[in-house]
Amino acid sequence: MKHLITINQLTREEILSIINQAFSFKDINTRAIKKVPTLRGKTIVTCFYEASTRTRLSFEIAAKRLSADTINISKSGSSAEKGETLTDTVRNIQAMKVDLIVIRHPSSGAASFISKYLDCPVINAGDGINEHPSQALLDAMTIYEKRGSLDNLKILIVGDILHSRVARSNIYLLKKFNSEIKVFGPPMMLPKDIEKLGVSVIHDFKKTIQDVDVVMLLRVQMERQDRSLFPSVREYSKFFGFSYPMLDLIKEKCLIMHPGPINRGVELNHSAAESPSSVILDQVENGVAMRMTLMYLLLSKNLQES
Ligand code: CP
């Protein structure tokens, strides 16, 4: 693995191996001294051209826990504001002899595009509406941790599937483990031909949640809509939001997941987000260990050579 651009570059066995490695890194995060020298001397640049709390912080904390030096650049304050192209920016960053670039960008395909110009590894931290592979891996780690397996699960993904890179990466990943994946959302937020990804569209939310192992709620991505795709937030919440009474319908071991940030009261009611079924903060905790693993694996070849 030279870069991490898409979940589809990973086999089922590789995904399980990455998750296993992430559990050993997770132990480091619970120690009094949360630092190991594994990536000492390595320089990692995180380029975030879109807003982020979890992913950006998670990659930075992960790199620091492995003793790498990290620097972040965002669009604001960088020469992208003066018209520099993305390729020029990352080639200049590479010229400063950095070892790994993590990129989040509003354009689908941006991570793949820059990887063709760079010798150092690239991690896709979310490219437009395309993919968010590290999120799907940390989600899988969380499901594995709570359920003991990723095989043959019944998954329901609810909300703005059209604009969700998280949904796409999760579908690619979970299909490798024979999951039965159903999606639900406003018709305008379901991509045409979504069934081609091997998922089915459901119409009865309350009936379907009674029989699933995982409910993934997605954020409504207002910033990616050029027009409103549903009549009002109140209606969205009424018909597509996970409300408090639904907690009584789900199976005892059903996991409620959300990649964050949550629009509280829109796709997810406060009580459901804070309920014992919710693993939302476990996802965030596992994100650090997963990103430590990904950076370690991508840099391990040149660790051996150095
Ligand atoms: N899950 C996720 O990508 O969150 P951020 O946008 O805060 O990074």
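The first residue in the sequence is number 1, and the count goes up from there. Just so it is clear, the values below take in all heavy atoms, side chains as well, and ignore hydrogens, waters and symmetry mates. Whatever order the structure lists them in is the order used to number ligands and atoms, beginning at 1.
The shell of residues lying under 4.0 angstrom from ligand 1, judged by heavy atoms, includes Gly260. Heavy-atom distances between Glu50 and ligand 1 stay at or above 4.0 Å for every pair.
Here the heavy atom of the protein found nearest to atom 1 (N) of ligand 1 is Pro259 O, 2.8 Å. Atom 6 (O) of ligand 1 has as its closest protein heavy atom Arg104 NH1, 2.9 Å. The shortest contact between atom 2 (C) of ligand 1 and any protein heavy atom is with Thr55 OG1, 3.4 Å. Among protein heavy atoms, the minimum distance from atom 4 (O) of ligand 1 is reached at Arg54 NE, 3.1 Å.
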Practice task
Take Arg65 and Asn29 through the test side-chain hydrogen bond (donor to acceptor under 3.5 Å, both in side chains) and record every step on the way to the result.
Solution key: CA-CA 8 Å; Arg65 297 231 165 122; Asn29 295 327; 3.0 Å; yes

Exercise for the section: Before giving the answer on ring-ring contact (aromatic ring centres under 6.0 Å, His included), spell out for Phe25 and Tyr296 the whole-Å C-alpha distance, their side-chain angles and the decisive distance to 0.1 Å. Expected result: CA-CA 10 Å; Phe25 279 123; Tyr296 165 72; 5.5 Å; yes

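The shortest N or O to N or O distance between Arg56 and ligand 1 is not under 3.5 Å.
Just one residue in the list Lys251, Lys182, Lys253, Lys146 forms a salt bridge (charged side-chain N to carboxylate O under 4.0 Å, His left out) with Asp213, and that residue is Lys251. Residue Gln283 is tested with Arg54, Met141, Gln135, Met290 for a side chain to side chain contact (heavy atoms under 4.5 Å, CB included); the sole match is Gln135.
Between Phe205 and Val158 the shortest side-chain heavy-atom distance falls below 4.5 Å. Residues Ile44 and Asp69 have side chains not in contact (no heavy-atom distance under 4.5 Å, counting atoms from C-beta outward).
Close approach of ligand 1 to Gln135 is summarised as follows: ligand atoms under 4.0 Å from at least one heavy atom of the residue are 1 (N), 2 (C). Every atom of ligand 1 is numbered from 1 in the order shown, and the set under 4.0 Å from a heavy atom of Thr53 is 5 (P), 7 (O), 8 (O).
For the pair Arg91 and Tyr117, the cation-pi criterion (under 6.0 Å, within 45° of the ring axis) is not fulfilled.
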